[in-house]
Amino acid sequence: MIAKNLFRCAGLLALAASAQLSAAQAKQCLTEPEMRGLVGYALPAVADAVVQRCSSILPANSFLNSRGAKLVADLRLGQSAAWPGARSAIGKIGSGDGKSGENLSELPEGLVGPLMEGLIQERFVDDLKPQGCKDIDRVLTTLAPLPAANMVEMITQVVMIAARDDKKMPTCQAV
């Protein structure tokens, strides 16, 4: 569920860079550093959206209500470092010839990131159902001992595997 929603958010990043993916774009793949950048950049916004959406659904002692804000803050610490990889991935997905960042160069640097975050948050909040809140809370309770960087890495690996054969946003296979 989490991997599916994270992958969907990564797809939103791509959609923000380009309205539709062309056949040439579908042949491109995202490298592991690019996917790590997408996950590392998007995850704080996703986590924040989940905390916001689920706060009224879950009990006060749930992970999201009791420690969700700290998780978001911890994830935000790595967000700036993740931006170059995320920008490269978004640019690759948004361009038809595989050149990273082509479409993004037309937008001001300070606008792209916040735009992506807003789109991710809006989409995630709209799609998250009450049972999803309970599922995510259970998973995050299990993952909570991991440092934020390890959580990003674990989710990156899950998304890399899940997206291997995806037609719209495949991941590059490791050599």
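All heavy atoms count here, side chains included; hydrogens, waters and symmetry mates do not. Owing to the predicted nature of the structure, the values given are computational and were not obtained by experimental measurement.
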Verify side-chain contact (heavy atoms from CB on, under 4.5 Å) between Cys29 and Thr171, making sure each step is shown before the conclusion. CA-CA 5 Å; Cys29 62; Thr171 56; 5.7 Å; no
Show your reasoning for whether side-chain contact (heavy atoms from CB on, under 4.5 Å) applies to Gln79 and Leu43. CA-CA 8 Å; Gln79 194 174 35; Leu43 197 54; over 6 Å; no
Worked verdict on Lys134 versus Lys129 for side-chain contact (heavy atoms from CB on, under 4.5 Å): CA-CA 9 Å; Lys134 295 172 188 173; Lys129 306 290 185 240; over 6 Å; no
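No donor-acceptor distance shorter than 3.5 angstrom exists from the side chain of Asp48 to the backbone of Val72, with no hydrogens or angles considered. Between the side chain of Ser88 and the backbone N or O of Pro84 there is no donor-acceptor pair closer than 3.5 Å. Checking side-chain atoms of Arg53 against main-chain N and O of Leu128 turns up a donor-acceptor pair under 3.5 Å. With hydrogens and angles ignored, the 3.5 Å screen pairs no side-chain donor or acceptor of Asp137 with any backbone N or O of Ser62. The backbone N or O of Ser66 lies less than 3.5 Å from no partner atom in the side chain of Asn61, so there is not a single donor-acceptor pair.
Ile161 CD1 to Met35 CE: the interatomic distance, rounded to the nearest 0.5 Å, is 11.5 Å. For the atom pair Leu64 CG and Gln52 CD, the distance stands at 11.0 Å (nearest 0.5 Å).
Contact between Phe63 and Leu71 at its shortest, heavy atoms only, is CE2-CD2, 3.9 Å. When all heavy atoms of Val39 and Val152 are compared, the closest pair comes out as CG1-O, 3.8 Å. In plain terms, the two heavy atoms of Ile57 and Cys133 that are nearest each other are CD1-SG, 3.8 Å. Summarising the geometry of Ala82 relative to Gly40, their closest heavy-atom pair is CB-C, 3.6 Å, with the distance given to 0.1 Å. Closest non-hydrogen pair, Leu146 versus Asn150, comes out as CD2-CB, 4.0 Å. Considering every non-hydrogen atom in both Ala86 and Gly37, the closest pair reads CB-O, 3.4 Å.
A heavy-atom distance below 4.5 Å is found between the side chains of Arg36 and Gln157. Taking 4.5 Å as the limit, every side-chain heavy atom of Leu38 sits out of range of all side-chain heavy atoms of Glu34. Contact of the Leu140 side chain with the Met151 side chain is registered, since non-hydrogen atoms from C-beta on lie closer than 4.5 Å.
A salt bridge links Arg138 with Asp135: the closest approach of a Lys/Arg side-chain nitrogen to an acidic carboxylate oxygen falls below 4.0 angstrom.
In the hydrophobic cluster analysis, where Ile, Leu, Val, Met, Phe, Trp and Tyr join through side-chain heavy atoms closer than 4.5 angstrom, Leu77 is grouped apart from Trp83.
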